[in-house]
Amino acid sequence: QVQLVESGGGLVQPGGSLILSCVASGNNISSHFMGWYRQVPGKQRDMVATITGGGSTNYADSVKGRFTISRDNPKNTVYLQMSSLKPEDTAVYYCADIFVKSWGKGTLVTVSS
């Protein structure tokens, strides 16, 4: 069983940056396929970025060039660096261990002036 805890969300102005962290416990996730997803109330949860155990990444078209997913295996942590943030990036961001189908509780990102 893998437990995931996200942090780093908050209020940021348009054009600003944030770094989200996802710390895993209960198992070593270094080989796991991990991802960040986001959800706006009333809408479906959408993939933002994924990273394989080997470090290959994939991004939603809406965040390409602005967001970067990475992992620090010794720290059992996955990150999402977000820059050039837009109001439409406002959502609850969830970390997922796709390999074992485990989700965190989410962290809210609000982009507003």
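Just so you know, these numbers come straight off a predicted model, no measurement behind them.
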If every non-hydrogen atom of S112 is compared with every non-hydrogen atom of P14, which pair is closest and at what distance?
C-CD, 3.6 Å
Can you tell me if T90 uses its side chain to pair, donor with acceptor, with the backbone of V111 under 3.5 Å?
yes
Is there a path of hydrophobic side-chain contacts, each under 4.5 Å between heavy atoms, that joins V23 and V2?
no
Would you say V78 and I69 make side-chain contact, with heavy atoms under 4.5 Å?
yes
Within-4.5 Å side-chain heavy-atom neighbours: S17 and V12:
no
The criterion is side chain to side chain donor-acceptor pair (under 3.5 Å); which residues satisfy it with K101, sequence neighbours excluded?
none
Between V63 and R38, is a side chain to side chain contact (heavy atoms under 4.5 Å, CB included) present by the stated rule, with each step listed?
CA-CA 12 Å; V63 307; R38 66 186 181 187; 4.0 Å; yes
Spacing of S56 atom OG and N58 atom CG [to the nearest 0.5 Å]:
9.5 Å
More than 12 foreign heavy atoms under 6.0 Å from CD of Q1: is that the case here?
no
Once rounded to the nearest 0.5 Å, what's the spacing between atom OG of S102 and atom CD1 of I29?
10.0 Å
Closest approach of W36 to C22 (non-hydrogen atoms, all atoms of both residues):
CZ2-CB, 3.6 Å
From CA spacing to verdict: ring pair (Phe, Tyr, Trp, His ring centres under 6.0 Å), W103, Y37
CA-CA 10 Å; W103 293 83; Y37 292 72; 5.0 Å; yes
Any chain of hydrophobic side-chain contacts (each under 4.5 Å) joining Y94 to L4?
no
Any L20 side-chain heavy atom under 4.5 Å of E6 side chain
no
Please check if the side chain of N76 supplies one atom and the backbone of N27 the other of a donor-acceptor pair under 3.5 Å.
yes
Rounded to the nearest 0.5 Å, what separation is found between the CZ atom of R71 and the OG1 atom of T52?
7.0 Å
Do you know the tightest heavy-atom contact between L108 and A91?
CD1-O, 3.5 Å
Taking D89 first and then K86, would you say they form a salt bridge - that is, a charged N and a carboxylate O separated by under 4.0 Å?
no
To the nearest 0.5 Å, what is the distance between OG on S83 and CD1 on I19?
10.0 Å
Y59 and F33: same hydrophobic cluster, using ILVMFWY side-chain contacts below 4.5 Å?
no
May I ask you to decide if the ring planes of H32 and F99 are parallel, tilted or perpendicular, using 30° and 60° as cut-offs?
tilted
Between D72 and Y79, what is the shortest heavy-atom contact and its length?
CB-CE1, 3.8 Å
Identify whether L85 and V92 are in the same connected component of the hydrophobic contact network (ILVMFWY, side-chain heavy atoms under 4.5 Å).
no
dist Q81:CD -> S21:OG (nearest 0.5 Å) comes out at 9.5 Å
Is there a side-chain contact between V48 and M82, using heavy atoms and a 4.5 Å cut-off?
no
Atom CG in L80, atom CZ in F67: separation rounded to 0.5 Å?
6.0 Å
